[in-house]
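Every chain is numbered from 1 and lettered A, B, ... according to where its sequence line falls, protein lines coming before strand lines.
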Amino acid sequence: MNKIKITFPDGNIREYEHGINAYDIAKSIAEGLAKRVLLAEVNNKVVDATKPIHEDASLKLLTWDDREGKAGFWHSSAHLMAEALEALYPGIKFGYGPSVENGFYYDVDPGDRKIGDEDLRKVEVTMAELASKNSSYIRKEVSKAEALKFFSEKGDEYKIETINELSDGEISFYQQGNFTDLCKGPHIPATGLIKAIKLTSIAGAYWKGNDKNKQLTRIYGISFPRQKDLDEYLRMLEDAKKRDHRKIGKEMGIFTFDDDVGPGLPLWMPNGAVIIEQLEALAKKTEEKAGYSRVKTPHIAKESLYLKSAHLPYYEDSMYPPMDIEGVKYYLKAMNCPHHHKIFDAVPRSYKDLPLRLAEYGMCYRYEQSGELFGLMRVRSLNMNDAHIYCTEEQFGEEFKAVNDMYLHYFKIFNVEKYVMRFSTHDPQKLGQKYLDMPDLWKKTEDMVRRVMTEANIPFVEVKDEAAFYGPKIDVQIWSIIGREFTLATNQVDFGQPRRFNLHFKNKNNEDEMPLVIHRAPLGTHERFIGFLIEHYAGNFPVWLAPRQVTILPIADRHTGYAMKIFAELKDQEIRVELDTTSEKIGKKIRTAEMMKIPYMLIIGDKEQEEEKVAVRRHGEGDKGQVPVREFINKVVSESSIP
RNA sequence: GCCAAUGUAGCUCAGUCGGUAGAGCACAUCCAUGGUAAGGAUGGGGUCGCCAGUUCGAUUCUGGCCAUUGGCUCCA
């Protein structure tokens with residue numbers, strides 16, 4: 001029998017019997033290793049560890065430490081859950097059951113039965129029992145006819161629909177225990193590897209993600225090869241909850257919601273208003289330097305404006321219903337663009353005016369579906385860091401790049417590192433429906449954007465069919481602490497609205513020419529950006545942003561006079577300072593200030609009073625010793641300046 | 001909007017198998033004047049999310065609505 005050569009990642013080559021599998025290879029190296037093997041990467045293809053290898057190959061053994069290993073583990077867990085569900089709910093039908101970033105889910109149709117949170121515990125127990133049987137996941141190639149026969153007899157129309165979309169020859173089943181599923185795999189060797197299981201939540205999910213289809217029951221779960229991994233994961237979730245902007249926002253008095261005001265309409269409390277004003281100061285300073293002009297526009301406008309902009313036919317569902325004023329419909333604005341276009345159009349423009357950059361922190365109102373609202377991240381009243389740049393085609397590249405540079409400038413200030421730049425392009429199939437039917441301009445602008453990003457060496461991912469109806473865009477995607485994805489900032493090209501508004505300028509030859517428009521919002525909206533910042537900093541804002549910068553903590557009543565004197569001096573320098581005159585012990589005052597995450601605490605006692613000093617304590621860091629009052633003021637003032 | 005769950009004091013949460021409720025923190029007053037994360041005592045505070053229904057009686061049971069939470073869909 002001829003042998004085959006297996007090349008390992010470290011370059012080592014070993015010879016094995018023809019038809020050996022990755023699991024047995026691992027076993028030949030060490031029993032302990034074999035126990036950890038989940039999948040194998042054979043010639044750069046991820047397959048079952050139990051799949052026989054018939055030729056010389058490179059091999060990487062995949063374990064829990066590999067991303068693919070985890071994915072296979074969770075996907076196999078989804079099958080295990082399906083087995084348990086079928087045992088508990090005979091006749092239950094199955095949709096899709098993939099792994100996700102943190103765990104897995106399976107979409108099921110339990111018929112007339114309802115599955116609630118309490119039922120999940122039963123399912124968990126059944127899963128654990130089935131896992132302990134250590135059944136192997138067995139792959140079987142089947143013909144399309146066989147596959148259809150199997151699921152027709154079983155009566156699972158979702159699987160039949162899926163099979164009908166597949167071609168003969170690429171269909172496989174996986175079986176473990178009494179459960180057989182349509183699946184291309186790969187899977188882990190056996191159920192016994194799954195040692196810890198937690199079914200986390202239950203949700204409705206439309207079949208194939210289309211809200212016209214039937215809604216299935218989606219059960220989410222996560223599993224681990226060791227109990228302690230699950231414990232650690234649950235602990236991590238608890239920690240994440242502590243950073244949640246909704247929790248910290250309440251504790252720090254940043255924002256609130258009220259039933260009488262309405263869902264999705266945040267009320268900014270004094271501490272939140274400070275953050276807003278600091279962000280606006282930053283934006284104004286940055287935009288001033290970058291040659292922007294500021295404008296102000298009303299919160300409502302007549303129907304005709306949004307008919308002209310084409311927003312109304314596209315987005316009426318997302319706008320608050322109109323109010324009727326003397327027979328004319330007025331809408332709350334859902335976007336600032338049309339107003340800015342009107343300002344561009346208010347006077348004749350020359351090429352000498354371009355690029356014209358109109359900026360506004362504009363309040364918009366969007367009637368988001370009730371189920372989509374989420375703390376500050378998804379609201380119905382939003383204050384956008386908006387601006388529209390009107391430029392010629394020649395100027396476009398430079399302007400677009402300048403906007404991206406502005407993003408990066410901000411991200412550096414805020415130390416934002418975990419984000420993805422998403423380049424959203426159109427789908428040529430949908431021209432005239434979802435997208436303006438101007439193929440040449442789509443190609444031209446998308447090429448321009450791609451070139452700008454590539455030349456600036458900014459990493460991005462390109463996603464088809466995500467563009468705005470009027471042009472391609474770059475979105476900055478971020479994640480909330482509980483893992484939801486949001487667009488934090490956006491930079492969009494618009495070749496549609498200039499046409500609809502008939503915007504033009506005189507070029508050098510005294511001819512009318514149409515500008516391109518860039519929509520941009522590097523700081524997104526106050527709502528989402530502050531929600532993001534709260535979680536990003538866990539409430540520990542840098543001094544310039546902190547709603548309250550300094551709190552003065554006198555030790556005894558006899559120090560109040562000196563404390564008030566310092567208080568006045570700090571106030572005089574526009575430092576956001578408080579004075580704690582409650583009759584509590586110093587330990588209690590410190591605890592309160594620490595919990596409010598105030599950057600600086602000044603402890604004032606006999607020693608400080610005599611020496612005209614303050615004892616400085618930094619939030620989260622502890623006692624910093626005594627410094628002269630003047631020195632402290634200078635330090636805070638310099639840390640307070642807008643970056 | 002759809003699926004699942006939740007809603008008790010300002011906050012975090014107990015509790016009532018139907019007889020209108022309790023703790024800690026916070027707040028107020030008093031005592032204590034204390035040196036780097038909770039000093040002590042006393043006290044005020046709730047139409048038990050809202051509206052109906054069943055009942056002698058509903059915070060508790062039933063229904064509807066509202067809001068929030070986890071998802072789905074959506075996201076200019």
Side-chain angles (χ1 to χ4, degrees), chain A residues 100 105 107 114-120 200-220 241 244 246-247 250-251 253 256-260 262-264 306 309-312 314-315 317-319 333-338 364 366-375 377-378 382 384 386 466-471 473 475 482-487 490 492 494 497 519 521 528 553-560 582-595 601-608 615-625:
Chain A
V100 289
Y105 68 76
D107 286 344
K114 280 221 182 316
I115 301 177
D117 279 354
E118 283 160 27
D119 303 316
L120 294 186
T200 45
S201 69
I202 200 157
Y206 301 103
W207 170 235
K208 293 185 168 172
N210 186 332
D211 62 0
K212 304 284 179 290
N213 288 343
K214 177 165 182 176
Q215 192 164 54
L216 305 179
T217 303
R218 177 170 295 179
I219 304 174
Y220 281 93
K241 274 190 198 155
D244 192 308
R246 294 167 294 187
K247 179 174 158 65
K250 188 186 272 180
E251 287 165 356
T256 188
F257 289 94
D258 184 276
D259 278 359
D260 285 326
Y306 303 111
S309 71
H311 282 109
L312 208 41
Y314 279 89
Y315 303 113
D317 287 349
S318 305
M319 294 176 76
K333 73 174 166 187
M335 63 290 298
N336 303 302
C337 351
C364 298
R366 297 180 182 181
Y367 189 69
E368 305 287 1
Q369 291 185 55
S370 57
E372 293 163 354
L373 301 175
F374 175 66
M377 300 299 224
R378 195 78 188 273
L382 37 144
M384 293 178 72
D386 213 353
E466 287 284 331
F469 74 89
Y470 46 65
K473 58 180 181 173
D475 287 328
I482 63 163
R484 261 203 231 183
E485 182 177 347
F486 289 98
T487 298
T490 188
Q492 313 178 348
D494 184 349
Q497 290 203 48
H519 304 239
R528 191 171 287 178
L553 312 177
I555 286 171
D557 287 349
R558 64 177 176 282
H559 308 121
T560 306
T582 56
S583 59
E584 294 292 347
K585 288 182 141 175
I586 193 65
K588 178 62 181 297
K589 291 185 184 184
I590 287 169
R591 182 180 152 82
T592 305
E594 287 283 358
M595 291 204 303
M601 288 149 271
L602 300 182
I603 288 93
I604 305 293
D606 292 336
K607 283 178 267 179
E608 289 74 22
V616 179
R617 185 186 163 99
R618 188 74 166 83
H619 168 67
E621 293 175 21
D623 193 358
K624 294 286 177 189

Check: Which letter, B, S or -, goes with each nucleotide of nucleotides 70-76 of chain B from 5' to 3', with contact meaning a protein heavy atom under 4.0 Å?
Finding: BBBBBBB
Item checked: Letter per nucleotide, 5' to 3', of nucleotides 41-51 of chain B [B base touched, S only sugar-phosphate touched, - untouched; heavy atoms, 4.0 Å] -> -----------
Shortest non-hydrogen contact from [X] to [Y]?
X	Y	result
A:G605	A:E608	N-OE1, 2.8 Å
A:L373	A:E368	CD2-CB, 4.1 Å
A:Y220	A:A203	CE1-CB, 4.4 Å

Checklist line | Test side chain to side chain contact (heavy atoms under 4.5 Å, CB included) applied to A:S309 and A:M335, step by step | finding: CA-CA 10 Å; A:S309 71; A:M335 63 290 298; 5.6 Å; no
Check: Tell me, what's RNA chain B's dot-bracket, Watson-Crick or G-U with both distances under 3.5 Å, | for other-strand, [ ] crossing?
Finding: (((((((..((((.....[..)))).(((((.......))))).....(((((..]....))))))))))))....
Margin query: Would you say that A:H619 contacts A:E594 through its side chain, given a criterion of any heavy-atom pair below 4.5 Å between the two side chains?
Written below: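 They are in contact (side-chain heavy atoms under 4.5 Å apart), so the answer is yes.
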Check: Is there side-chain contact between A:K333 and A:M319, with at least one heavy-atom pair below 4.5 Å?
Finding: no
If you measure from the [atom1] atom in [N] to the same atom in [M], how many Å do you get, rounded?
N	M	atom1	answer
B:C17	B:U60	C1'	10 Å
B:C75	B:G7	P	33 Å
B:G57	B:G45	P	29 Å
B:C56	B:G18	C1'	12 Å
B:A26	B:G44	C1'	13 Å

Check: Which residue, A:G622 or A:G375, contacts RNA chain B at a nucleotide closer to its 5' end, judged by nearest heavy atom?
Finding: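 Looking at the nearest nucleotide for each, A:G622 comes out on the 5' side.
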Next item on the list: Look at A:K250 and B:U12 and indicate whether a side-chain polar atom (N or O) is within less than 4.0 Å of OP1 or OP2.
Entry: yes
Check: Under 4.0 Å: is that the gap between some side-chain N or O of A:T217 and OP1 or OP2 of B:C3?
Finding: no
Next item on the list: Grab the CD1-C1' distance between A:I555 and B:G35 for me, whole Å please.
Entry: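 About 4 Å, once rounded to whole Å.
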Note to self: Rounded to whole Å, how long is the line connecting atom CD of A:E621 with atom C1' of B:A37?
What the structure shows: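 Rounded to the whole Å, the gap is 15 Å.
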Next item on the list: Compare the minimum distances between each of B:A38, B:A37, B:G35 and the side chain of A:K588, then state the nucleotide with the smallest one.
Entry: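 For A:K588, the side-chain atoms sit closest to B:A38.
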Item checked: Verdict with supporting geometry, A:R366 and A:L382, side chain to side chain contact (heavy atoms under 4.5 Å, CB included) -> CA-CA 8 Å; A:R366 297 180 182 181; A:L382 37 144; 4.1 Å; yes
Margin query: Would the distance check show the side chain of A:K214 and the main-chain N or O of A:W207 forming a donor-acceptor pair, the cut-off being under 3.5 Å?
Written below: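 No, the answer is negative, given that no donor and acceptor are paired below the 3.5 Å cut-off.
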Margin query: Before you tell me yes or no, could you show the steps for A:I555 and A:K589 under side chain to side chain contact (heavy atoms under 4.5 Å, CB included), namely the whole-Å CA-CA distance, both residues' side-chain angles and the distance that decides it to 0.1 Å?
Written below: CA-CA 9 Å; A:I555 286 171; A:K589 291 185 184 184; over 6 Å; no
Next item on the list: Just say parallel, tilted or perpendicular for the rings of A:F469 and A:Y315, cut-offs at 30° and 60°.
Entry: tilted
